Visitor: 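Provided herewith is a single structure, encoded as C-alpha cells, for subsequent inquiry.
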Amino acid sequence: QVQLVESGGGLVQAGGSLRLSCAASGRTFVIYAMGWFRQAPGKEREFVAAISWRGGSTFYEDSVTGRFTISRDTAKNTAFLQMNSLKPEDTAVYYCAAGRAWRSSPLSGAYDYWGQGTQVTVSS
C-alpha cells in the first residue's frame with residue numbers, strides 16, 4: 001500500500017499563491033505517476049495536473065495551464081503543486097493521487113491511491 005498526505009492548503013486572496021505538498025509513504029517504489037485533482041462543493045472531482053514519477057513529464061487541465069506547476073522530489077517521495085494567480089473558481093478540496101503506471105491520463109480511475117485532501121479557499 002501507499003499512503004498519501006497532502007498539506008499546504010489554506011485561505012488566500014485572489015491573485016495570490018499557494019504551494020501544496022503530497023508526501024508518499026509505504027510501498028513508494030510502485031509509484032509511476034502522481035496527480036492532483038480537486039472537488040468544489042456540488043461538483044464532481046476534476047483533474048488538475050499530473051507528473052510522471054520517473055521521467056518528469058507533465059500535463060495540465062486547460063484552466064490551470066500557465067498558473068499551476070506540478071513537480072516532484074523523488075528522493076523525498078513528495079509531489080508539489082505550485083499555484084499562482086489563484087482565482088475564486090480554484091476554491092476546492094485538492095486531492096493527491098498516485099498511480100502504479102504512467103498513462104498520461106486525467107481520469108481518476110488511472111490512479112490507485114488517494115490522499116484525504118486539503119482545502120484551498122480563494123477569496124475575491
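Values in this document were obtained by computation on a predicted structure and should not be read as measured data.
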Visitor: Surrounding OH of Tyr32 (heavy atoms of other residues, nucleotides or ligands, distance under 6.0 Å), is the total greater than 12?
Guide: no
Visitor: With sequence neighbours excluded, what pairs up with Trp53 under the side-chain hydrogen bond (donor to acceptor under 3.5 Å, both in side chains) test?
Guide: none
Visitor: Between the main-chain N or O of Ala110 and the side-chain N or O of Arg103, is there a donor-acceptor pair closer than 3.5 Å?
Guide: yes
Visitor: Is any side-chain heavy atom of Val2 less than 4.5 Å from a side-chain heavy atom of Val30?
Guide: yes
Visitor: Linking I/L/V/M/F/W/Y whenever their side-chain heavy atoms sit closer than 4.5 Å, directly or via other members, would Phe29 and Leu4 fall into one cluster?
Guide: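 Phe29 clusters together with Leu4.
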Visitor: If a pair satisfies salt bridge (charged side-chain N to carboxylate O under 4.0 Å, His left out) and one of its residues is in residues 104-124, list it, with sequence neighbours excluded.
Guide: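 For residues 104-124, and leaving out neighbouring residues, the salt bridge (charged side-chain N to carboxylate O under 4.0 Å, His left out) pairs sorted by first residue read Arg100-Asp112.
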Visitor: Can you tell me how far CG of Leu86 sits from OG of Ser17, rounded to the nearest 0.5 angstrom?
Guide: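 If I round to the nearest 0.5 Å, the distance is 6.0 Å.
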Visitor: List the residues meeting salt bridge (charged side-chain N to carboxylate O under 4.0 Å, His left out) with Arg67, not counting sequence neighbours, and say none if there are none.
Guide: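 For Arg67 the salt bridge (charged side-chain N to carboxylate O under 4.0 Å, His left out) partners, ignoring immediate neighbours, are Asp90.
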Visitor: Nearest 0.5 Å, what's the CZ-OG distance between Arg72 and Ser21?
Guide: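 Arg72 CZ to Ser21 OG: 15.0 Å, rounded to 0.5 Å.
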Visitor: Is there a chain of hydrophobic side chains (I, L, V, M, F, W, Y, each step under 4.5 Å between heavy atoms) that links Val120 to Leu81?
Guide: yes
Visitor: Measuring from Ser57:OG to Ile51:CD1, what's the distance to the nearest 0.5 Å?
Guide: 8.0 Å
Visitor: Just jot down the side-chain hydrogen bond (donor to acceptor under 3.5 Å, both in side chains) partners of Asp73, sequence neighbours excluded, or say none.
Guide: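 Here no residue qualifies.
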Visitor: Nearest 0.5 Å, what's the CH2-OH distance between Trp36 and Tyr95?
Guide: 12.0 Å
Visitor: For Leu11, which fellow cluster members are found when Ile, Leu, Val, Met, Phe, Trp and Tyr are connected by side-chain heavy-atom distances below 4.5 angstrom, either directly or through intermediates?
Guide: none
Visitor: May I ask whether Phe80 and Ile31 are part of the same hydrophobic cluster, defined by side-chain heavy atoms of I, L, V, M, F, W, Y residues being less than 4.5 angstrom apart, directly or through others?
Guide: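 Unlinked, Phe80 and Ile31 end up in two clusters.
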Visitor: Minimum heavy-atom separation for Ala14 to Pro88, with atom names?
Guide: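 Reported closest heavy-atom pair: CB-CD, 4.1 Å.
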Visitor: Hey, could you give me each pair passing salt bridge (charged side-chain N to carboxylate O under 4.0 Å, His left out) that has a residue in residues 42-66? Not counting sequence neighbours.
Guide: Arg38-Glu46
Visitor: Which pairs, with at least one residue in residues 76-124 and sequence neighbours excluded, count as a disulfide bond (SG atoms under 2.5 Å apart)?
Guide: Cys22-Cys96
Visitor: Going by the rule side-chain hydrogen bond (donor to acceptor under 3.5 Å, both in side chains), which residues pair with Thr74 if we only count those two or more places apart in sequence or in a different chain?
Guide: none
Visitor: Assigning hydrophobic clusters by single linkage (Ile, Leu, Val, Met, Phe, Trp, Tyr; side-chain heavy-atom cutoff under 4.5 Å), is Trp114 placed with Phe47?
Guide: yes
Visitor: As an exercise, state the distance from CD of Gln3 to OH of Tyr113, rounded to the nearest 0.5 Å.
Guide: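 These two atoms lie 9.0 Å from each other.
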Visitor: Considering residues at least two apart in sequence or located in another chain, which fulfil the ring-ring contact (aromatic ring centres under 6.0 Å, His included) criterion with Tyr111?
Guide: Phe37
Visitor: Applying side-chain hydrogen bond (donor to acceptor under 3.5 Å, both in side chains), can you list everything that pairs with Gln82, at least two apart in sequence or on another chain?
Guide: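 Only Asn84 meet the side-chain hydrogen bond (donor to acceptor under 3.5 Å, both in side chains) criterion with Gln82.
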Visitor: Test: disulfide bond (SG atoms under 2.5 Å apart). Region: residues 30-73. Which pairs qualify, not counting sequence neighbours?
Guide: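 Qualifying pairs: none.
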Visitor: May I ask you to check whether over 12 heavy atoms, not counting those of Glu89, lie within 6.0 Å of atom CD?
Guide: yes
Visitor: Measuring from Ser7:OG to Tyr94:OH, what's the distance to the nearest 0.5 Å?
Guide: 15.0 Å
Visitor: Test side-chain contact (heavy atoms from CB on, under 4.5 Å) on Tyr60 and Ile70; report intermediate values, then the result.
Guide: CA-CA 9 Å; Tyr60 300 88; Ile70 188 171; 3.5 Å; yes
Visitor: In this structure, would Val12 and Leu20 fall into the same cluster of hydrophobic residues linked by side-chain contacts under 4.5 Å?
Guide: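 In one cluster: yes.
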Visitor: According to salt bridge (charged side-chain N to carboxylate O under 4.0 Å, His left out), does anything in residues 6-19 pair up with another residue at least two apart or in another chain? List the pairs.
Guide: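 Every pair satisfying salt bridge (charged side-chain N to carboxylate O under 4.0 Å, His left out) with a residue in residues 6-19: there are none.
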Visitor: Is a donor on one side and an acceptor on the other found under 3.5 Å between the side chain of Thr121 and the backbone of Thr91?
Guide: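 No: the side chain of Thr121 does not pair with the backbone of Thr91.
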Visitor: Considering non-hydrogen atoms only, spot the tightest contact between Ser52 and Gly55 and give its length.
Guide: OG-N, 3.1 Å
